**Student:** 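First the structure, which I've put down as structure tokens, then a few questions once you've had a look.
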Amino acid sequence: MRGAIVFSGSSHPALVEGICDRLGTRQGSASLSKFANGETSVQIRTSSTRGCPLLMLTSGRHVDTRQGSRINDAVMELLIMISACKGGSSKTVTAVMPYFPYSRQSKKKQHRGSITARMVANLLHIAGVNHVITIDLHASQMQGFFKCPVDNLVAEPLLARWIRVNVSNWKDGVAVSKNPGGTKRVTSLADALKLSFGIVTTDRRRAATSVHWNESAMFEQLRLEGAYETSVMEAALDEDAHITPISNLTGVRPAAGKPNLRARAKSTSLSRRTTGGLEALGSPLSKSTRATSITESETTLEPIRAQESFTDGPGEGEGDADESAEEYTDERARDVIHGRLVQGHIVDDNHPSPAMSAVSNSTWRNRPPSDENDEDQDRMMSSFVSTASSVNKNRETEHHALGGTIDAAASSEDEEEDLKNPELETMVTLVGNVKDRPVFLVDDMIDKSASWIAAAETVVKRGGATKVYCMATHGLFGGDCLKEMNNCECIDKIVVTNAFPIPDYKQEQAKDKLVIIPVDNLLAEAIRRNHHGESISQLFMHYD
């Protein structure tokens, strides 16, 4: 590294000192200050940079309101320093950015959204950068934004080595992704350590408005224990579907075979109101009728029970059960576990739903049906299939920039908002066997705590995991994230690297659980190999 000069911004001086110490090179002198109006001022104090290869080291600056620091200051410092050195006839400029800012804004999520990561890459090119070295980009495709070579290093070998050294039974562990977007990163670590892997997904489609069939208002009114026989989807898609009133039900056994829905008369809202709001067992409204449109009926239900008992012969239900048992014999179904999340925490199955708790039981009972309710029921009949949509009701007006309803891959910000919403119940699914095993939750960054806590509680309380290690490359720890994760009993360790600066007061919030792995050697070796024109392929490999 003879002749090379390293300049550092004010974002992460400890990392720069460690890199310079391992490279055995000197750190250039630069003065960073601000004007009264907040503008950044940079002055290069080194005597000469003409013909010298320069390295600009900067990382995202932690948002600290007490010091007024922002990540935008680190970006502007880097751009101004590169421009100043290029103006001084430097030979090459290499930008070392362990955490690339605005990496989460790498795609357009709305029609009028911006791809901010590409804009930052263009700013670096205009400033005069010749090479970029970073660690674990949020999306590896971002390398196409740059007009110069990019070395996207990975911290996976460092995390894997920590696991082998500090976890005694790591060979029995399971690498788990806390969302579908991080599956590729988790499977890479699992393949390197020869471990099994799993996925935790949160389903926003089944919000708190969904209840069990035996808790629904229609089944509570009918007081029936059986399920309907006619296919719900077929009855919903058939425009000529007819709902038989209770008064027309007789004890005559119907003809064998599938009922012909086309031969029935069309049902209207008036006919349904005249029957006291009761529907036949084949109606999809028996599971989707709103609670506000149901009234107590005085009609006896004996004909329905007689018809049901007369239709199903003795032993016929047992035969269907045997066929179902023979049909579903996949052993992998045991590794799929479901749970309920309320405000980001696992709750029992009998826990009251947030939406149903807002409606009193005495409010909708004995209320006469209204025209608005009937109109809603007709709308539900015509669009019954759309109730399984993956978009929440409060997001139905949003559209994806390339067509459709919403982005297929939900962003982490949307996931955090859903988990923090007290009026929304989220269904969580764990795919993979983690019983009596340590779990390694892996992602590229830790910014907010809700999704990490939800995944940790899911694998422990539902999956039966013994220990949970939350591992990431960049520990952003926004707000009270680190404090909340430290207070979570299901999380045993929080493992991150020092690629992103973590203030001392943040480290004190979780000094017992927080583990910081240095990346000084990784960056120093990448800089040295790049300076001498050597291959950096060895930095992506795992060593025991």
Side-chain angles (χ1 to χ4, degrees), residues 103-110 117 136-142 154 156 159 173-193 195-207 332-341 344-346 388-392 395 398 400-421 424-434 439-460 462-463 465 468-474 476 490:
S103 60
R104 284 179 291 187
Q105 302 183 39
S106 59
K107 61 182 178 180
K108 183 182 291 187
K109 300 179 181 179
Q110 298 177 355
D136 278 332
L137 287 173
H138 188 64
S140 59
Q141 297 86 344
M142 289 172 52
V154 294
E156 179 182 301
L159 298 177
V174 181
V176 177
S177 174
K178 69 181 184 67
N179 51 39
T183 305
K184 185 177 181 180
R185 186 177 293 105
V186 169
T187 53
S188 177
L189 178 63
D191 293 340
L193 296 176
L195 302 178
S196 302
F197 67 91
I199 305 174
V200 174
T201 62
T202 55
D203 191 359
R204 294 181 296 175
R205 293 177 296 179
R206 300 178 59 186
R332 292 172 295 181
R334 301 178 181 177
D335 297 340
V336 180
I337 302 174
H338 301 279
R340 299 174 57 198
L341 291 175
H345 296 280
I346 287 288
S389 174
S390 60
V391 184
N392 286 343
R395 296 196 178 104
E398 299 182 10
H400 187 254
L402 301 180
T405 53
I406 203 169
D407 195 355
S411 63
S412 57
E413 294 293 333
D414 297 336
E415 183 181 4
E416 294 287 337
E417 292 178 1
D418 291 340
L419 293 176
K420 291 291 186 180
N421 189 356
L424 181 65
E425 177 182 328
T426 307
M427 304 301 296
V428 62
T429 303
L430 169 62
V431 181
N433 183 16
V434 299
V439 171
F440 308 107
L441 293 176
V442 185
D443 205 350
D444 64 323
M445 65 181 66
I446 302 178
D447 188 9
K448 296 184 179 181
S449 61
S451 59
W452 291 90
I453 295 176
E457 292 185 356
T458 301
V459 298
V460 172
R462 287 290 183 267
V468 176
Y469 301 89
C470 297
M471 313 185 73
T473 304
H474 309 292
L476 276 61
C490 298

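What's counted below: heavy atoms across the whole structure, side chains too, no hydrogens, waters or symmetry copies. Fair warning: this is a prediction, and the values are worked out from it, not measured in the lab. Sequence positions, counted from 1, serve as the residue numbers for this chain.
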**Student:** Kindly determine whether Asn433 and Val174 satisfy side chain to side chain contact (heavy atoms under 4.5 Å, CB included), including the steps that lead there.
**Tutor:** CA-CA 8 Å; Asn433 183 16; Val174 181; over 6 Å; no
**Student:** What are the two closest heavy atoms between Val468 and Cys490, and how far apart are they?
**Tutor:**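 The pair with the smallest heavy-atom distance is CB-O, 3.3 Å.
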**Student:** Does Thr201 have any side-chain hydrogen bond (donor to acceptor under 3.5 Å, both in side chains) partners at least two apart in sequence or in another chain, and if so, which?
**Tutor:**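 If we apply the side-chain hydrogen bond (donor to acceptor under 3.5 Å, both in side chains) test to Thr201, skipping adjacent residues, there are no hits.
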**Student:** With rounding to the nearest 0.5 angstrom, report the CD1 to CG distance, Ile453 to Leu441.
**Tutor:**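 One finds 11.5 Å between CD1 of Ile453 and CG of Leu441.
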**Student:** Working to the nearest 0.5 Å, report the span between CG of Asp191 and CZ of Phe197.
**Tutor:**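 Answer for the CG-CZ pair, Asp191 versus Phe197, is 7.5 Å.
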**Student:** Any side-chain heavy atom of Asp443 within less than 4.5 Å of one from Asn179?
**Tutor:**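 SC-SC contact between Asp443 and Asn179 confirmed.
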**Student:** For Ser188, what residues pass the side-chain hydrogen bond (donor to acceptor under 3.5 Å, both in side chains) criterion, not counting sequence neighbours?
**Tutor:**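 For Ser188 the side-chain hydrogen bond (donor to acceptor under 3.5 Å, both in side chains) partners, ignoring immediate neighbours, are Glu156.
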**Student:** Do His338 and Val336 make a side-chain contact, defined as non-hydrogen atoms from C-beta onward lying under 4.5 Å apart?
**Tutor:**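 SC-SC contact between His338 and Val336 confirmed.
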**Student:** Would you compute the distance between atom OG1 of Thr187 and atom CG of Leu195 and round it to the nearest 0.5 angstrom?
**Tutor:**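 One gets 12.0 Å once the value is rounded to the nearest 0.5 Å.
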**Student:** Do Phe440 and Leu159 have side chains that approach each other closer than 4.5 Å (heavy atoms only, starting at C-beta)?
**Tutor:**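 No, side chains not in contact.
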**Student:** Working to the nearest 0.5 angstrom, can you tell me the gap between Ser140 OG and Lys184 NZ?
**Tutor:**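 Ser140 atom OG to Lys184 atom NZ measures 5.0 Å (nearest 0.5 Å).
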**Student:** Taking the side chain as everything from C-beta on, heavy atoms only, tell me whether Ser106 gets closer than 4.5 Å to Gln141.
**Tutor:**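 Ser106 does not reach Gln141 side chain to side chain.
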**Student:** Nearest 0.5 Å, what's the CD-CZ distance between Glu425 and Arg340?
**Tutor:**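 Spacing of CD (Glu425) from CZ (Arg340) equals 4.0 Å.
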**Student:** Can you give me the closest heavy-atom contact between Thr202 and Thr426, atom names plus distance?
**Tutor:**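 In this case the closest contact between Thr202 and Thr426 is CB-CG2, 3.7 Å.
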**Student:** Check this for me, if you would: do Arg185 and Asp136 make a salt bridge, where the nitrogen-to-carboxylate-oxygen distance has to be below 4.0 angstrom?
**Tutor:**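 Answer for the salt bridge query: no.
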**Student:** Does Thr429 reach the side chain of Ile337, with side-chain heavy atoms less than 4.5 Å apart?
**Tutor:**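 Thr429 does not reach Ile337 side chain to side chain.
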**Student:** I want to check something: taking the side chain as every heavy atom from C-beta on, are Val428 and Val200 in contact at a cut-off of under 4.5 Å?
**Tutor:**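 Side chain of Val428 against side chain of Val200, heavy atoms only: contact under 4.5 Å found.
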**Student:** Among all residues two or more places apart in sequence or in another chain, which pass the side-chain hydrogen bond (donor to acceptor under 3.5 Å, both in side chains) test with Ser177?
**Tutor:**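 By the side-chain hydrogen bond (donor to acceptor under 3.5 Å, both in side chains) rule, Ser177 matches no residue at all.
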